[in-house]
Amino acid sequence: MELHERLADVRRRPRAYGLSTLGEMVAFLTGVDAATDWRFLEGFREWLAAKSGLGANLALPVLLVRIAYPDMGNDFWVAAMREESPKAVAVLFDELNTFLESERLRNSEYYRRGSDSSS
């Protein structure tokens, strides 16, 4: 199974992977990141921070919960990171898909420009 298929399956059937909370989902993706020599999520936290106007120094779960529930307070955000939070999990996968697609397009444009300039 290709990585994009695995991620779609994790999103569709998280309990089949032993995942139920946002923290567990982030831990799973951090494992994927580690398995790719930290390249898979490279720039994702900073991208989320820039998109949301929040600090890039915030941990991924904090960014995701604050994006999913912008009008809530700190106590809610802390609890949402530890509990099942379908909205924050949806934000995680939606934003990750958007980020990966933008990176794919950016990289293809880079390689296309690079090959054009060498002609």
Side-chain angles (χ1 to χ4, degrees):
M1 184 179 289
E2 295 288 327
L3 181 55
H4 70 279
E5 295 168 324
R6 176 75 60 205
L7 294 175
D9 196 45
V10 168
R11 183 178 190 169
R12 198 171 35 255
R13 308 174 321 122
R15 293 197 189 282
Y17 294 86
L19 308 172
S20 61
T21 67
L22 175 63
E24 291 168 351
M25 300 282 187
V26 170
F28 178 86
L29 291 175
T30 301
V32 171
D33 197 30
T36 62
D37 290 328
W38 307 106
R39 290 185 184 107
F40 177 65
L41 295 177
E42 186 175 14
F44 182 53
R45 190 181 70 230
E46 294 80 5
W47 184 81
L48 280 177
K51 186 172 183 180
S52 66
L54 299 169
N57 61 325
L58 296 174
L60 194 53
V62 175
L63 286 168
L64 293 164
V65 168
R66 291 187 65 178
I67 291 168
Y69 305 100
D71 298 326
M72 303 304 285
N74 283 336
D75 291 340
F76 176 85
W77 292 328
V78 169
M81 284 185 287
R82 295 186 183 127
E83 299 171 358
E84 290 186 34
S85 179
K87 188 173 181 180
V89 169
V91 166
L92 167 61
F93 283 102
D94 290 346
E95 296 297 340
L96 181 59
N97 287 337
T98 302
F99 171 75
L100 293 174
E101 181 62 18
S102 70
E103 286 296 294
R104 185 186 68 77
L105 291 174
R106 187 179 63 80
N107 288 335
S108 68
E109 288 173 11
Y110 170 78
Y111 289 119
R112 195 170 33 251
R113 276 195 314 264
S115 64
D116 290 345
S117 64
S118 64
S119 300

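- With Val91 as reference, Leu64 is the one residue of Leu96, Leu64, Val65 to meet the side chain to side chain contact (heavy atoms under 4.5 Å, CB included) rule.
- With rounding to the nearest 0.5 Å, the separation of CZ in Arg6 from OH in Tyr17 is 4.0 Å.
- Leu63 contributes atom CG, which lies 6.0 Å from atom CG of Leu54 (distance to the nearest 0.5 angstrom).
- Contact between Glu24 and Gly18 at its shortest, heavy atoms only, is OE1-O, 3.8 Å.
- Pairs of residues two or more places apart, or lying in two chains, that qualify as side chain to side chain donor-acceptor pair (under 3.5 Å) and include a residue from residues 89-101 are Arg11-Asp94, Lys51-Glu95, Glu101-Arg104.
- Enclosure of atom CD in Glu5 by more than 12 non-hydrogen atoms of other residues, nucleotides or ligands within 6.0 angstrom is indicated.
- The shortest non-hydrogen separation linking Pro61 to Leu22 is O-CD2, 4.0 Å.
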Side chain to side chain contact (heavy atoms under 4.5 Å, CB included) between Leu41 and Thr36, worked out: CA-CA 9 Å; Leu41 295 177; Thr36 62; over 6 Å; no
Side chain to side chain contact (heavy atoms under 4.5 Å, CB included) assessment of Asp33 paired with Leu29: CA-CA 6 Å; Asp33 197 30; Leu29 291 175; over 6 Å; no
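- Across all non-hydrogen atoms, the minimal contact from Phe93 to Leu7 is CE2-O, 3.8 Å.
- Partners of Phe99 by ring-ring contact (aromatic ring centres under 6.0 Å, His included), not counting sequence neighbours, listed by chain and number: Phe44, Trp47.
- Residues that satisfy the side-chain hydrogen bond (donor to acceptor under 3.5 Å, both in side chains) test with Arg12, not counting sequence neighbours, are Asp9.
- Shown here for Arg45 and Leu58, the closest heavy-atom pair between the two residues is CD-O, 2.8 Å.
- Taken from CD in Glu42 to CG in Asp37, the straight-line distance is 10.5 Å, to the nearest 0.5 Å.
- Listed for the Arg15 side chain is no donor-acceptor partner under 3.5 Å among the backbone atoms of Ser20.
- What you find for Lys87 and Ala68 is that their closest heavy atoms are CE-O, 2.9 Å.
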